[in-house]
Amino acid sequence: MLILTRRPGESIHLGDRIKITVLGVQGKQIKIGLEVPQDVPVYREEVYLRVLEQNRLAMEADQQDVFAAAALWQKNKTE
Amino acid sequence: MAKKQDRVIQSRIGALSVPPERVLHFPRGLIGFEQEREFTLVQIREDSPFVILQSMNDPRLGLMVADPYSFIQDYDVVVGEAERKILRIDNIRQVLVLVTVTIPPGRPQDTTLNLTGPVVINREDRVGLQVPQVDAKYPTHYRPGEPLEPAGKAQGQGGDAASGQDTQD
């Protein structure tokens, strides 16, 4: 991992399109400003990892279980 | 060139013929599968809320997803301004929401829905995007039929305070 030290107000550029600024430090909390192009998604790590794991599980569902689950629940009739 | 043809793909439930109007474009892919940009929805059974979100290019990449509104009437998905732009949403009627599904091996009766990482689709423009929900209002493992308990509140008030608020300017 590349480690850089910055003070509040200072920034880091990742290539031409991404800029990360340390806006402030308050106790254990660090406020970070991100200037990122619209096509680059930004996620908090815990949110990202949770969705990633869920996607993996949704993909790995056993074929027979998929059909069994599909037979267990009916579509909402009010649709 | 002749008019656009159906595409024959391999899906996790076998070969399928997909008409061009059923191909969905995911400009950011899915989380963990960023490189996959084209998906289609495959019906498992006609009367089932479960469908497969199938990659057009990778037969293995088929995610079990479900219509959340078959189970929860008032599931509320927060879609930010940037996401709206990508999805080109200007009318709520264009929007289709799906959630990923977890089935424990051999226990389909214990199927759960993940309400924290919905997939939002603009069905008119056929654009899709996974929109992780930042505030932990809904559980990761919701069991169909059970009452929906506010997940965040259960484990200590203001548990998300450490993450702070997101703002945009």
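Computed from a prediction, not measured in an experiment: that's the story for all the values here. Chain identifiers are assigned alphabetically (A, B, ...) following the order of the sequence lines, protein sequences preceding nucleic acid strands; residue numbering begins at 1 within each chain.
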In a check of side-chain contact (heavy atoms from CB on, under 4.5 Å) between A:R6 and each of A:V22, A:T21, A:I30, which one passes? A:V22
Tell me, side chain or backbone of A:V66 under 4.5 Å from chain B's heavy atoms, or both, or neither? both
The reported gap from CG in B:L113 to CZ in B:F50 (rounded to nearest 0.5 angstrom) is 6.0 Å
Heavy-atom pairs under 4.5 Å with chain A: which of B:I52, B:L61, B:L53 has the most? B:L61
B:T116 OG1 to A:R50 CZ distance, which is reported to the nearest 0.5 Å: 4.5 Å
Flag for B:T40-B:Q54: side-chain donor and acceptor within less than 3.5 Å: no
Given A:P41, A:A61, A:A68, the one with more heavy-atom pairs under 4.5 angstrom with chain B than any other is A:P41
Taking every heavy atom of B:D76 against every heavy atom of B:Q133, the minimum-distance pair comes out as O-OE1, 4.1 Å
What distance do B:I121 atom CD1 and B:Q94 atom CD have between them, rounded to the nearest 0.5 Å? 13.0 Å
Please classify the contact between B:Q43 and chain A as side chain, backbone, both or neither, with a heavy-atom cut-off of under 4.5 Å. side chain
Rounding to 0.5 Å, atoms CD1 (B:I86) and NE2 (B:H25) come to a distance of 10.5 Å
Max heavy-atom pair count under 4.5 Å with chain A, selected residue of B:V119, B:L63, B:T112, B:V51: B:L63
Heavy atoms under 4.5 Å from chain A: which residues of residues 7-19 of chain B carry them? B:R12, B:I13
Residue A:L52 versus chain B: region with a heavy atom under 4.5 Å: both
Spacing of A:L34 atom CG and A:K19 atom NZ [to the nearest 0.5 Å]: 11.5 Å
Rounded to the nearest 0.5 Å, what separates atom CG in B:L87 from atom CG in B:N122? 6.5 Å
With sequence neighbours left out, which residue pairs that include part of residues 10-44 of chain A fulfil the ring pair (Phe, Tyr, Trp, His ring centres under 6.0 Å) condition? A:Y43-A:Y48
Would you call A:R56 and A:E60 a salt bridge, using N to O less than 4.0 angstrom? yes
Which pairs, with at least one residue in residues 64-73 of chain A and sequence neighbours excluded, count as a side-chain hydrogen bond (donor to acceptor under 3.5 Å, both in side chains)? none
Quick check on the structure: residues of residues 99-110 of chain B within a heavy-atom distance below 4.5 Å of chain A, by number. B:T100, B:V101, B:T102, B:I103, B:P104, B:P105, B:G106, B:R107, B:P108, B:Q109
